[in-house]
Amino acid sequence: AAEAGGPQALDQEGAASYIEARPELAALLGGSKADWSVKEVGDGNINFVFIVEGPGAGPERPGALVLKQALPYVRCVGEAWPLSAERARFEAAALRAERACCPAHVPEVMLYDERAAVIVMQYLAPPHLVLRKGLVAGECYPNLASHVATFLANTLFKTSPLCLSAPEYRAKVAEYSRNSDMCALTEQVVFTDPYGEAQYNRWTSPQLDGDVAALWADTAAKTAVARLKLKFLSSAQSLLHGDLHTGSLMVTMRETWAIDPEFAFYGPIGFDVGAFLANLLLCYFASSNLPGDRSGQRTWLLETVESVWDGFCVQFLGLWSAHVQDGGASGGGSLCSPAVFGSAAPEGGRSLEECQKAVVSDLFRDSLGFAGAKMIRRIVGIAHVEDLESIEDADARAGCERRALKFGRELLVNSGSFKDARAVTEAAQKAFTG
Ligand code: ADP
Ligand code: SR1
Ligand code: MG
């Protein structure tokens, strides 16, 4: 475990010395410590992130590494909110597991050091940018939907009992169930705090005071969120990223990388899918008061909502079908035995298709419900999003937030009433103008 009392906090000098003491990492930077520059770039809520750059193999190929340290508290609150530094172990394990499932979209971990709660990983150099920042600046990313769909389908299928044997799957559920400090944080800040009085809640006040009071008295919303919380607590479908908002993706026009899976655990698939959809929709509702003409970006955001869901389904089902047909070699996973669902079984193909339809329909509903909960928590809870926060005029911001809150509530409470992703984007368009 991390040292008693927690790991020793690194500063810029400490980060450079840390790399210097590990020749295999120092070699990647090139030169020696005196040639290196270090900056702390942590703009997330929880940890400290240093970029250490060196001459590498010359001006064409400079060397650089990211050093991320978990201290035993939540960075954006301070020591008043303790949080186990063991989260770094789960983040390193999840990065390695996700990279094994989907190498094109997950950075490489070079080192995990339990004592110091440090991860050293591949640096995603500029023009890579945190997706949320690109969205706030008005960018559109033509490959984003297909990349995120690939990431979701591969990580969520390959870690599930649809792919793994039951013993393999159960061992992983047991391992990641120990990331319970991080799950508890989500249980509190996503599923509980926004629905009643809580120390860290905040919202645009007084503009949204009435909306928040209405939410706290909204039996249908409170029932829906409690049902989702039950799923979050008890439905161990796949290894989730656990925090897949637009601040956890780094992008260029050609590449997409998922970072920061420190909340990883075995949970409901819809939680990851919903997190991503929610954050696209938050940007969509913020866009009316972000600078510049955003109409093209709005169209693209809604297309991305549709195509990430549709692309996820196609790829997830493709992996699943192939695995069942390929069952002889790989066991077929624990859900659909080839003897029952394989092409040689009586009605095997049709049974698999029906089974897949039923599962996907449940996943869609879950994804929308979780998306709704994720939108609401970013307006009423502790952690807000730059998309909305960057709107300086409080009345204008509250207008965007009110529309987003109302739409989030619709997804949360009526998740079962949308027949497909198109229906969701049509409803979002109405909510935007209405
Ligand atoms: P937290 O766990 O606190 O949310 P993140 O993992 O989101 O921290 O990292 C915070 C910031 O550090 C990111 O927003 C990004 O700017 C930068 N960062 C993190 N990982 C990388 C990476 N592999 N390459 C480049 N920058 C990174
Ligand atoms: C204290 S809540 C901080 C939030 O930031 C992380 O990225 C997670 O979304 C978490 O809920
Ligand atoms: Mg983060």
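When a ligand or atom number is given, it counts from 1 through the structure's own listing order.
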Heavy-atom distances under 4.0 Å decide this one: backbone, side chain, both or neither, for L185 against ligand 2? side chain
Is the closest basic N to carboxylate O distance between E168 and K172 below 4.0 Å? no
Can you tell me the protein heavy atom closest to atom 23 (N) of ligand 1 and the distance? Q122 O, 2.9 Å
So which atom in T159 and which in Y266 form the shortest heavy-atom distance, rounded to 0.1 Å? O-OH, 2.6 Å
Cation over ring face, R22 and Y18, 6.0 Å, 45°: yes
Measure the distance from atom 12 (O) of ligand 1 to every protein heavy atom, then report the residue, atom name and distance (to 0.1 Å) of the closest one. V49 CG1, 3.6 Å
When you measure from the heavy atoms of M250 to every atom of ligand 1, does any distance fall below 4.0 Å? yes
Who gets closest to atom 25 (C) of ligand 1 by heavy atom: L67, L124, N45? L124
Starting from atom 10 (C) of ligand 1, locate the nearest protein heavy atom and write down its residue, its atom name and how far away it is, to 0.1 Å. D43 OD1, 3.5 Å
If the condition is salt bridge (Lys or Arg N to Asp or Glu O under 4.0 Å), which residues does E20 pass it with, not counting sequence neighbours? none
Checking contacts here: is it the side chain or the backbone of R378 that comes within 4.0 Å of ligand 2, counting heavy atoms only? Could be both or neither. side chain
Considering the heavy atoms of R377, write down every atom of ligand 2 situated less than 4.0 Å from one of them. 4 (C), 9 (O), 10 (C), 11 (O)
A student checking ligand 2 against H245 at a 4.0 Å heavy-atom cut-off should list atoms 7 (O)
Residue, atom and distance of the protein heavy atom nearest atom 7 (O) of ligand 1 read D260 OD2, 3.0 Å
Under 4.0 Å to a heavy atom of V189 - the qualifying atoms of ligand 2, by number: 11 (O)
Decide whether a cation-pi geometry holds between R87 and F263; the criteria are a distance under 6.0 Å from NZ or CZ to the six-membered ring centre and an angle within 45° of the ring axis. no
When you compare ligand 1 with E262, is there at least one nitrogen or oxygen pair between them that comes in under 3.5 angstrom? yes
Can you find an N/O atom of V66 closer than 3.5 Å to an N/O atom of ligand 1? no
Determine which of the N, O or S atoms in D260 is closest to the Mg ion (ligand 3) and give its atom name. OD2
Ligand 2 atoms in contact with F263 (distance to a heavy atom under 4.0 Å): 8 (C), 10 (C)
Give the residue and atom name of whichever protein heavy atom lies nearest to atom 8 (O) of ligand 1, and the separation in Å to one decimal. K68 NZ, 3.6 Å
When you measure from the side chain of N143 to the backbone N and O of M253, does any donor-acceptor pair fall under 3.5 Å? yes
For P55 and W36, the nearest pair of non-hydrogen atoms, with its separation, is CD-CD1, 4.2 Å
Under 4.0 Å from one or more heavy atoms of I46, ligand 1 contributes atoms 3 (O)
